[in-house]
Amino acid sequence: MDAVGLRELYDHHAWSMDRLLARALEVPPKRTAEPSRPDGLSLRDTLAHIVSAEGRWLRRFQRREEHVRFRPDSVAGVASGWMALQAEVRTFLADLEPADLGRAIERDPGPRDRGTLAAGITHVLMHSAQHSAEAAELLTRLGYSPGQLDYMEFLDMRELDLPFHRSP
């Protein structure tokens with residue numbers, strides 16, 4: 001995967017998150033905080049986890065040691081954190097050079113947990129896709145379906161020049 005492809009996949013991820021957050025903001029706040037998943041997490045917690053994990057990985061990619069706790073108490077707080085993080089990630093991705101993608105990153109101490117920057121970015125996108133699907137399912141059960149989040153839907157919206165970078 002090259003930097004151009006990773007940026008396009010990130011565009012899809014951002015489009016999906018914007019749609020999820022826009023719908024989640026319509027749900028009464030009390031319902032977004034109710035444990036809804038088998039693991040006891042709520043819709044708000046699921047969306048916050050996506051943003052939090054992406055932020056932790058970005059700091060790892062940037063070789064920053066900051067440990068920032070992201071624990072918003074509302075979907076609006078998640079949306080605010082998402083908008084700030086998205087701007088940081090886009091700047092990071094825009095500055096990527098082809099040689100950067102093969103750079104080793106450390107996940108955790110130990111030889112088993114090494115990977116390349118390209119693999120790390122791909123992991124973040126796939127991790128987000130998993131939890132976005134869970135959030136979409138929770139929203140649908142609450143009566144607030146985000147609609148199609150498929151990659152092809154994203155490409156169709158972009159091709160038709162419809163807004164796909166909606167801010168929540």
Side-chain angles (χ1 to χ4, degrees), residues 1-22 24 37 39 41 44-72 77-138 146-168:
M1 178 69 62
D2 65 9
V4 172
L6 289 171
R7 282 190 287 269
E8 180 163 307
L9 290 176
Y10 188 81
D11 284 346
H12 171 257
H13 162 57
W15 172 82
S16 297
M17 279 295 290
D18 286 351
R19 290 180 67 144
L20 290 168
L21 287 165
R37 293 179 18 180
D39 60 8
L41 293 180
R44 178 202 63 215
D45 297 337
T46 302
L47 292 167
H49 174 70
I50 296 167
V51 176
S52 178
E54 189 171 319
R56 282 192 314 274
W57 277 95
L58 177 63
R59 288 186 294 283
R60 187 172 288 138
F61 299 157
Q62 294 170 325
R63 298 179 173 145
R64 296 188 321 192
E65 293 295 323
E66 301 171 36
H67 296 285
V68 179
R69 303 285 281 170
F70 182 67
R71 300 226 172 167
V78 175
S80 177
W82 164 247
M83 294 308 294
L85 176 63
Q86 187 181 165
E88 276 189 80
V89 172
R90 286 186 185 285
T91 298
F92 175 77
L93 292 175
D95 292 341
L96 282 179
E97 299 290 332
D100 296 330
L101 297 175
R103 169 172 64 83
I105 58 166
E106 289 259 354
R107 279 188 41 203
D108 295 309
R112 183 174 73 78
D113 290 330
R114 297 187 76 82
T116 63
L117 182 58
I121 294 168
T122 302
H123 166 74
V124 169
L125 293 168
M126 297 300 102
H127 175 267
S128 297
Q130 173 189 339
H131 293 297
S132 292
E134 293 167 347
E137 196 267 334
L138 292 174
Q148 294 294 320
L149 299 176
D150 294 337
Y151 184 68
M152 298 308 267
E153 180 79 10
F154 159 76
L155 292 177
D156 289 347
M157 301 271 295
R158 188 175 67 178
E159 185 177 303
L160 295 171
D161 200 28
L162 297 172
F164 61 92
H165 287 296
R166 292 188 323 229
S167 299

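Quantities reported herein were computed from a predicted structural model and do not represent experimental measurements.
Atoms CD and OG, on E137 and S132 in that order, are 13.0 Å from each other to the nearest 0.5 Å. Rounding to the nearest 0.5 Å places CD1 of I50 at 11.5 Å from CG of D45. Annotation: the span from W82 atom CH2 to E54 atom CD amounts to 4.5 Å, rounded to 0.5 Å. Rounded to the nearest 0.5 Å, atoms CZ (R19) and CD (Q148) are 8.0 Å apart. Taken from OG1 in T116 to CG in D100, the straight-line distance is 11.5 Å, to the nearest 0.5 Å. Taking OG from S80 and CG from L85, the interatomic distance works out to 11.0 Å, rounded to the nearest 0.5 Å.
With hydrogens and angles disregarded, no donor-acceptor distance shorter than 3.5 Å links the side chain of D150 to the backbone of M152. R103 places no side-chain N or O within 3.5 Å of a backbone atom of L117 that could act as its donor or acceptor partner.
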Full working for side-chain contact (heavy atoms from CB on, under 4.5 Å) between E88 and L58: CA-CA 8 Å; E88 276 189 80; L58 177 63; 3.7 Å; yes
Could you give me the CA-CA distance, side-chain angles and deciding distance for F61 and V124, then say whether side-chain contact (heavy atoms from CB on, under 4.5 Å) is met? CA-CA 11 Å; F61 299 157; V124 169; 3.9 Å; yes
Between T122 and L9, does a side-chain contact (heavy atoms from CB on, under 4.5 Å) hold up when you go through it step by step? CA-CA 9 Å; T122 302; L9 290 176; over 6 Å; no
Give the intermediate values and the outcome of side-chain hydrogen bond (donor to acceptor under 3.5 Å, both in side chains) for residues E134 and H131. CA-CA 5 Å; E134 293 167 347; H131 293 297; 2.7 Å; yes
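Under the side-chain hydrogen bond (donor to acceptor under 3.5 Å, both in side chains) test applied with Q62, the options R60, R64, R59 reduce to a single match, R64.
What you find for H127 and A53 is that their closest heavy atoms are CE1-CB, 3.6 Å. Taking each heavy atom of G120 and I105 in turn, the nearest pair found is CA-CD1, 3.9 Å. Here the closest non-hydrogen pair linking R7 and L93 is NH1-O, 2.6 Å. The two residues A3 and L101 make their nearest non-hydrogen contact at N-CD1, 3.5 Å. Scanning all heavy atoms of the two residues, the minimum distance from L47 to A135 falls at CD2-CB, 3.8 Å. For the pair V78 and P72, the tightest heavy-atom approach, listed with the atom from each and the gap, is CG2-CG, 3.4 Å.
Taking the six-membered ring where the residue is Trp, F154 and H12 present perpendicular rings, their angle passing 60° and hence far from 30°. Under the 30°/60° scheme for interplanar angles, the aromatic rings of H13 and Y10 are found to stand perpendicular.
Residues I121 and F92 form a side-chain contact, since some pair of their non-hydrogen atoms from C-beta on lies under 4.5 Å apart. W57 has its side chain within reach of H123: a pair of non-hydrogen atoms, C-beta onward, lies under 4.5 Å apart. Within the 4.5 Å cutoff, the side chain of E153 has heavy atoms near those of the W15 side chain.
Using a 4.0 Å cut-off between charged nitrogen and carboxylate oxygen, R90 and D11 count as a salt-bridge pair.
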